[in-house]
Amino acid sequence: MTSPDLNSLPPQYDAQATEAEWYPRWTEHGVFVGDPARAKTREPYVIVMPPPNVTAVLHVGHGLNNTVQDVLIRWRRMAGDEALWVPGTDHAGIATQNVVEKQLTAEGLTRFDVGRDAFVERVRTFVAQTGGEILNQLKAIGSSADWTRTAYTFSPELSVAVREAFVRLHEDGLMYKGHRVIHWCPRCGTSLSDEEAEFTETTGKLYHLRYALADDPTQSVVVATTRPETMLGDVAVAVNPDDERYTAFVGKDVILPLNGVRIPIIADSYTDPTFGSGAVKITPAHDANDFEVGKRHALSMPVIIDAEGFVREVDDAAGRVPSTLNGLDRFAARKAIVAMLEAAGAMVKVEPHQHNVRHCYRCDTVVEPRLSDQWFVRMQPLADKALAALRSGELRILPDRWEAVYVNWLEGIRDWNISRQIWWGHRIPVWYCEACGNTPIVSRIDITACPTCGGPVRQDDDVLDTWFSSWLWPFSTLGWPDQNSIDLKAFYPGDVLVTAPEILFFWVARMVMSGYWFLGKAPFHTVYLTGTVRDMQHRKMSKSLGNGIDPLDVVRLYGADALRWTMVAGLGLGVDVMLDHTDLDKSFAPGRNFCTKLWNIGRFLLSRVGSDAVQPMSALSASALAAGDAWILERLDVAIAECEAALGPARPANGATWTDAERGRGMRLAEYAEAARRFVWNELADWYLESIKPRLAVESGVDREVARAVLAHAFDGALRLLQPMIPFITEALWQHLPQTTSGQFLAQASWPRARAAHDISDDERAHVQLFEATRQAVQGIRQIRAEYNVSPGAIVAATVSATGVPAGHFESQANVIGSLARATVSVNNAHPDEAAASAVMPLVTVHLPLAGMIDVGKEIARLTAEVTQLEGPLNALEGRLANEKFIAKAPPEIIAAERVKATEWRARLVSLREKITQLGA
RNA sequence: GGGCGAAUAGCUCAGCUGGUUAGAGCGCCUGUCUUACACACAGGAAGUCGGGGGUUCGAGUCCCUCUUCGCCCA
C-alpha cells in the first residue's frame with residue numbers, strides 16, 4: 001500500500017500556476033474545438049458569444065455573462081453534445097470611431113482634416129494593434145470558446161454576409177430610402193436608430209410663447225415648447241379640431257416673433273388640448289411628430305439647425321434666422337432667443353418641466369431631431385415571424401417576464417434606420433449614376449460603371465449601423481451566405497443566447513428576425529437574460545462612477561475559479577448581482593472560501609486514497625458496502641439529479657418547440673452550484689469522509705478497499721459536477737485520482753450519471769436509512785454536549801435507541817457514532833436508570849447520563865420547550881384532519897401524508913413527555 | 001402617459017403548477033487551533049412572508065386594492 005502523503009499537493013491552492021498550466025493544455029489538445037463531423041452523431045450544442053466591442057476591456061459584466069456561457073458549454077461538452085462556443089468581436093462603428101476621433105482631437109485634428117480613406121486606415125491600424133485584447137482576457141477567466149473560429153463583424157467574410165443581407169432585403173422590397181425626421185447626434189455627426197437615442201429624465205423648462213394674429217395684433221395664441229429655438233422653423237400652429245377655444249382661430253395666420261414669418265393656424269387631432277395652452281407650434285424639420293403633421297397638411301419644412309448643431313438657414317429657410325442668431329450653437333441660440341422673446345414681450349411664462357430628453361448612447365450628447373435622407377428596413381414582416389416564434393414555443397426567454405417586453409416591442413415595431421453618417425463601418429452597397437438619374441443601384445459586388453449607361457457611378461457615402469452586422473452574427477460566423485458551408489449545416493440553428501437585457505431590442509430580437517428571414521429558423525431556442533452587476537448602493541457598475549471591479553484583479557487575487565464561483569453561486573435567474581467594489585475580499589469570499597475548502601478536501605482525501613488502483617463501482621458487491629457507503633452513493637445520485645434539474649433541459653424534448661411544462665425550466669445556475677456544493681462539502685466532507693477515517697486508518701483489508709473505492713468514486717463525481725463552474729481547480733485535483741487515466745482531461749470527461757432506481761437494492765436502501773439514523777444520533781449527542789458545555793475533547797457515554805430503524809442493524813453503527821460524536825455508545829432500547837439528558841430525533845433517541853452534570857430543572861425546561869414547539873403545528877395538523885371539509889375535498893395523497901406526519905409527531909410528543917415524567921416533573 | 005416587475009431572517013436572494021414545523025449563502029451569538037481546512041469545525045438565535053380585503057378544506061404561493069421601489073417603452 002502507498003503511504004498517505006499529504007505533501008503530494010501543496011497546502012495552499014496556487015491558482016496562478018494551475019491556470020497557467022491547464023488552459024494551454026486544453027487548447028493544445030483542441031478540447032474546445034467544435035467538430036462538424038462529430039455533430040452528425042452527437043447533438044450539437046451551440047452558443048454564439050455576444051461579441052464585445054473590439055476596443056473594449058473586460059469588465060465584470062462580461063465576466064458574468066461569459067461565465068454563464070462557459071458553464072453551459074462545459075456542461076454540455078461533458079454531457080456528450082458536440083459543444084461549440086463561437087467567440088468574436090464587434091467593430092462597433094460609432095464607439096470605435098469615437099475613440100480614434102479623440103486621439104485626433106488630441107493632435108488638433110478632425111477626421112475631415114485627415115480624409116475618409118486615411119481615417120478608415122487609421123482606425124483599421126488601431127484595431128489591429130490594440131483590438132481584441134478582451135478575448136485574451138476572456139481566456140484568463142477560463143472561457144472554453146473555440147478560438148479557431150474567432151470572428152469579427154468587419155472581417156472580409158462577414159462583410160460578404162452584410163452585403164448579402166442588404167441586397168436580399170432590397171430584393172424583398174424591405175429596404176428603402178426615406179426622407180424623414182430622425183435622431184441626429186451633432187457630436188458624432190450621424191443619425192441614430194430609435195434604440196440608440198436613449199431617454200434621460202431631465203428637469204427642463206416649458207416656455208410659453210405668444211404668437212400675435214397677423215390681422216389683429218391685439219389677439220394672440222400661446223404655444224408651449226421645451227425647445228424655443230425651434231420657433232425659427234415653425235410653419236404652423238396646430239390646435240385640436242374639437243377644441244372650442246380655438247375654433248374661431250383656425251384658418252387665420254399668426255406672425256412669428258423675431259423673424260416675422262407669417263404662418264397659419266391649423267386643426268389637427270395630434271394636438272392634445274390638455275397640454276399647455278392646447279395650441280402647439282409645428283416645426284416639421286425638427287420634430288418627428290411635427291413632421292407627420294407637416295406631411296398631412298403639405299407644409300414646408302425649413303431646416304434651421306445644421307448637422308453640427310448650429311442655427312443657420314440650412315434648407316428652405318431663407319429669411320428665417322435673424323443675423324444676430326446666425327451661427328450660434330443650438331443651446332446658445334436658445335438663451336439668446338429666450339432673451340429676445342422676453343424683450344419683445346412674447347414670453348408669457350416659463351415653468352419648470354419634467355421630461356425625457358434623448359441622448360446619444362455613445363457620447364451622451366443631446367440628440368437633435370433632424371430632417372434627412374436615410375436608409376430604412378421595413379420591419380413589420382420580419383417582426384411577424386419573430387412574434388410567431390415566441391408564441392409557438394420555438395423560442396423562449398428567461399426569465400419569462402422579458403417575453404412580454406419582447407412582444408410589446410415587436411408589436412409596435414418601427415422601421416429601422418440603418419444608415420450612419422460616419423466612416424467606420426460597412427459602406428452601404430448602393431451606387432448612383434448621375435447620368436441615368438437618381439435610381440440607386442444596389443449590388444453585391446463593387447461597381448465602377450453604371451450597368452445601364454456605362455457612365456461613372458458614385459457609392460453612397462453612408463455606412464451601416466453596427467447592429468446591421470451584429471444581427472447576422474449567429475449565422476454569419478458559421479459561413480453564411482454560403483449555403484454549402486459545413487459549419488452552417490452542422491451548427492445552425494444554435495441553442496442558447498446569453499446576454500444582458502439592455503440589448504434585447506438592439507440585438508436579440510433582431511437576430512431572431514434575421515434568423516427567420518434569411519434561414520427560416522430562429523437562431524436559438526433559448527434566450528437567457530442575466531442580471532446586472534451592481535455595487536452595494538445598487539448602482540450599475542460603470543467607468544464614470546468609478547465603482548467597477550476589474551475581473552482580472554479578482555483573478556490575480558483569488559483565481560479565476562473563485563471569480564466564477566462567486567458569480568454563479570450568487571446568480572438567481574435574471575437577478576442582479578451585488579458586489580462591493582471597495583471590499584473585494586468580502587465580495588469574493590464565497591468563491592475563495594469554497595475553492596480553499598475544495599482544495600483541502602481534495603488534498604486530504606487524495607492522501608488517504610493514495611495512488612494505488614481502486615476498484616470500479618461495478619466490482620463492488622452491494623453487501624460489501626457499509627451504511628455510510630450506501631448513503632454517500634445515494635447522496636451523489638441526488639446531487640446529480642438536482643444539478644441536472646437546475647440546469648436543464650438543454651433543449652426542447654421534442655426537438656422543436658418548448659412545451660408549457662418545460663418552458664420555464666432550467667438555467668438555475670445558483671441552484672446548480674448549491675446542489676454541487678452541498679454534496680461535496682456538507683455530505684462528502686462533513687459526513688462521509690469523517691465517518692470513514694477509522695476505516696482508512698487500518699493497514700489493509702476488504703473494508704478499507706471498499707471505502708477507498710467509494711470515496712474515490714464520490715469525489716470523482718463531485719469534481720465532474722463542479723468542473724463547468726470551477727474548471728481549473730477541479731482539473732488539477734481530478735488528475736490525482738487513482739482512477740484517472742493519464743492524458744485524459746476532466747474538461748472533456750463524461751457528465752456523471754445517476755443510477756436508475758431499479759439498480760439499487762432494498763438492502764442498500766435500508767443502509768441509507770441506517771446512516772440517516774446514525775447522523776441523527778450524532779447530531780443529538782452533539783446538541784446535548786453543546787447544551788451542557790461538555791468540553792469538546794471529553795469522551796462521554798451515550799445510549800442510543802433506534803425507533804425508526806431495526807435495532808439489530810443499528811449495533812453496527814455504534815463505533816461510527818462514537819467516533820463522530822466523541823462518545824462511547826451503547827445501543828439499547830431500555831431507558832437508563834440514572835437521570836439523563838435526552839434528544840428525541842425522528843429515527844433515534846439518545847440519552848447522555850452525564851453523571852453529576854445533569855441539571856434536572858434545565859433538562860425539563862429544555863424538553864418542555866421542545867414540546868411547546870411541537871404542540872402548535874401538531875394541533876393545527878390535528879384540527880385539519882378533524883375538519884370534514886378537508887377530508888372531503890383535499891386529495892387523498894395529501895390526507896395520507898398528513899396522517900403519517902401526525903402519527904410521527906404524536907409519537908415524538910409522547911416520547912418527549914415520557915422523558916419529562918422520568919425526570920420527575 | 002403606457003406596460004412590466006419586485007416587496008420573504010440584519011444583507012443578497014430561493015421557495016417553479018396553492019398542501020414542508022417557511023429555506024440557502026453571507027452576517028450575528030456561543031464554544032473549539034478535535035494533527036485536511038479558523039478562508040475551518042460544532043452548536044445556536046433570528047422572519048405576524050409590505051398594509052388591507054377576498055377566493056379556498058387549505059395562500060408566502062391565486063384575485064382585488066393601497067403603499068414603496070425598480071425596469072422598459074412613448
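Residue numbers begin at 1 in each chain, while the letters A, B, ... track the order of the sequences.
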Practice item. Measure from CG on A:L689 to C1' on B:A36 and round the result to the nearest Å. Key: 8 Å
Check your understanding: Is it the case that more than 12 heavy atoms not belonging to A:Q869 sit under 6.0 Å from its CD atom?
Key -> no
Study note, to complete from the structure: Sequence neighbours excluded, the answer for side chain to side chain contact (heavy atoms under 4.5 Å, CB included) partners of A:D585 is A:Y558, A:D583, A:R592
Check your understanding: Is there a side-chain contact between A:R556 and A:Q16, using heavy atoms and a 4.5 Å cut-off?
Key -> yes
**Study point:** Letter per nucleotide, 5' to 3', of nucleotides 18-24 of chain B [B base touched, S only sugar-phosphate touched, - untouched; heavy atoms, 4.0 Å]
**Key:** -BSB--S
Practice item. Please state the C1' separation for the pair B:U20 and B:G15 - nearest whole angstrom. Key: 11 Å
Practice item. Select one nucleotide: of B:C72, B:C37, B:U17, the one nearest the side-chain heavy atoms of A:R665. Key: B:U17
Practice item. Test A:Y788 against every option in A:K858, A:R862, A:E859 by the side-chain hydrogen bond (donor to acceptor under 3.5 Å, both in side chains) rule and name the one that passes. Key: A:E859
Point to revise | Nucleotide B:A36, atom C1' - distance to CG of A:L598 in whole Å | key: 12 Å
Point to revise | Whole-angstrom distance between B:C62 and B:U17, as gauged at atom P | key: 7 Å
Practice item. State which residues pass side chain to side chain contact (heavy atoms under 4.5 Å, CB included) with A:E904; sequence neighbours excluded, sorted by chain then number. Key: A:V900
Revision key, fill the gap. Against the side chain of A:F505, the closest entry in B:A36, B:C73, B:C41 is B:C73
Study note, to complete from the structure: For RNA chain B, the expected dot-bracket line (Watson-Crick or G-U under 3.5 Å, [ ] crossing, | inter-strand) is (((((((..((((.....[...)))).(((((.......))))).....(((((..]....)))))))))))).
Check your understanding: P atom, B:C11 versus B:C49: distance in rounded Å?
Key -> 16 Å
Exercise for review: Using the P atoms only, state how far B:G23 lies from B:C28, rounded to an integer number of Å.
Suggested key: 23 Å
Check your understanding: Can you tell me how far P of B:G43 sits from CG of A:N789, to the nearest Å?
Key -> 15 Å
Review point. Hey, is A:E642 close enough to A:R678 for a salt bridge, meaning N to O under 4.0 Å?
Key: yes
Check your understanding: Is A:L605 touching bases, backbone alone, or none of the nucleic acid, heavy atoms closer than 4.0 Å?
Key -> nothing
Check your understanding: To the nearest angstrom, how far is A:W687 atom CH2 from B:A36 atom P?
Key -> 18 Å
Point to revise | Toward the 5' end of RNA chain B, by each residue's nearest nucleotide, A:V405 or A:I601 | key: A:I601
Exercise for review: Report which part of the nucleic acid A:W681 touches: base, sugar-phosphate, or nothing (heavy-atom distance under 4.0 Å, all strands).
Suggested key: sugar-phosphate
Practice item. Please work out which residues in residues 581-597 of chain A have a non-hydrogen atom less than 4.0 Å from an atom of RNA chain B and list them by number. Key: A:R592, A:N593, A:T596, A:K597
Check your understanding: Can you name the ring-ring contact (aromatic ring centres under 6.0 Å, His included) partners of A:W905, sequence neighbours left out?
Key -> none
Review point. Side-chain donor or acceptor of A:E690 under 3.5 Å from a matching atom on the base of B:A36?
Key: yes
Check your understanding: When rounded to the nearest Å, what value does the distance between C1' atoms of B:A45 and B:C29 take?
Key -> 7 Å
Point to revise | Qualifying residues under ring-ring contact (aromatic ring centres under 6.0 Å, His included), relative to A:Y688, sequence neighbours excluded | key: none
Exercise for review: For A:P369, check side chain to side chain contact (heavy atoms under 4.5 Å, CB included) against everything at least two apart and list the hits.
Suggested key: A:V181, A:R227
Exercise for review: Pick the P atom in B:A40 and in B:G25, then give their distance to the nearest Å.
Suggested key: 12 Å
Practice item. Would you indicate which nucleotide in B:C72, B:U34, B:C41 comes nearest to any side-chain atom of A:R822? Key: B:U34
Exercise for review: Flag the pair A:R775 and A:E683 as a salt bridge only when some basic side-chain nitrogen lies within less than 4.0 angstrom of an acidic carboxylate oxygen.
Suggested key: no
Check your understanding: Heavy atoms under 4.0 Å, any strand shown: does A:D686 hit a base, just sugar-phosphate, or nothing?
Key -> sugar-phosphate
Review point. Roughly how many Å is it from CZ in A:R668 to P in B:C13, rounded to a whole number?
Key: 16 Å
Study note, to complete from the structure: A:I784 atom CD1 is separated from B:G43 atom C1', nearest whole Å, by 12 Å
Find every protein N or O atom lying less than 3.5 Å from an N or O atom of nucleotides 10-12 of chain B, and list the pairs.
residue : atom : partner : partner atom : Å
B:U12   : OP1  : A:H538  : NE2          : 3.3

Distance-only check: which donor-acceptor pairs under 3.5 Å involve side-chain atoms of residues 777-785 of chain A, not counting sequence neighbours?
residue : atom : partner : partner atom : Å
A:R782  : NH2  : A:L820  : O            : 3.3
A:R785  : NH1  : A:A794  : O            : 3.1
A:R785  : NH1  : A:A821  : O            : 3.0
A:R785  : NH1  : A:R822  : O            : 2.7
A:R785  : NH2  : A:S791  : O            : 3.0
A:R785  : NH2  : A:P792  : O            : 3.2
A:R785  : NH2  : A:A794  : O            : 2.8

**Study point:** Distance, rounded to the nearest Å, where A:Q12 contributes CD and B:A40 contributes C1'
**Key:** 13 Å
Review point. What integer number of Å spans the P atoms of B:G50 and B:G3?
Key: 24 Å
**Study point:** side chain to side chain donor-acceptor pair (under 3.5 Å) against A:E644, all qualifying residues, sequence neighbours excluded
**Key:** A:W751
Point to revise | Intermediate values then yes/no, side chain to side chain contact (heavy atoms under 4.5 Å, CB included), A:M725 and A:T730 | key: CA-CA 9 Å; A:M725 292 179 281; A:T730 49; over 6 Å; no
Practice item. In sequence, state the C-alpha distance, the side-chain angles, and the governing distance for A:D268 and A:N240, and then conclude on side chain to side chain contact (heavy atoms under 4.5 Å, CB included). Key: CA-CA 5 Å; A:D268 192 289; A:N240 193 289; over 6 Å; no
Check your understanding: So does A:R785 get a side-chain nitrogen or oxygen closer than 4.0 Å to the phosphate oxygens (OP1/OP2) of B:A42?
Key -> no
Check your understanding: More 5' along RNA chain B: A:K885 or A:V778, using each one's nearest nucleotide?
Key -> A:V778
Review point. Below 4.0 angstrom from OP1 or OP2 of B:A42, is there any side-chain N or O of A:Q783?
Key: no
Check your understanding: Excluding sequence neighbours, so at least two apart, what forms side chain to side chain contact (heavy atoms under 4.5 Å, CB included) with A:E671?
Key -> A:A646, A:R668
Practice item. Consider only side-chain N and O atoms of A:R603 and A:N600, and report whether a donor and an acceptor are under 3.5 Å apart. Key: yes
Exercise for review: Please state the C1' separation for the pair B:C13 and B:G47 - nearest whole angstrom.
Suggested key: 14 Å
Point to revise | Between C1' of B:C73 and CD1 of A:I413, the distance in whole Å | key: 13 Å
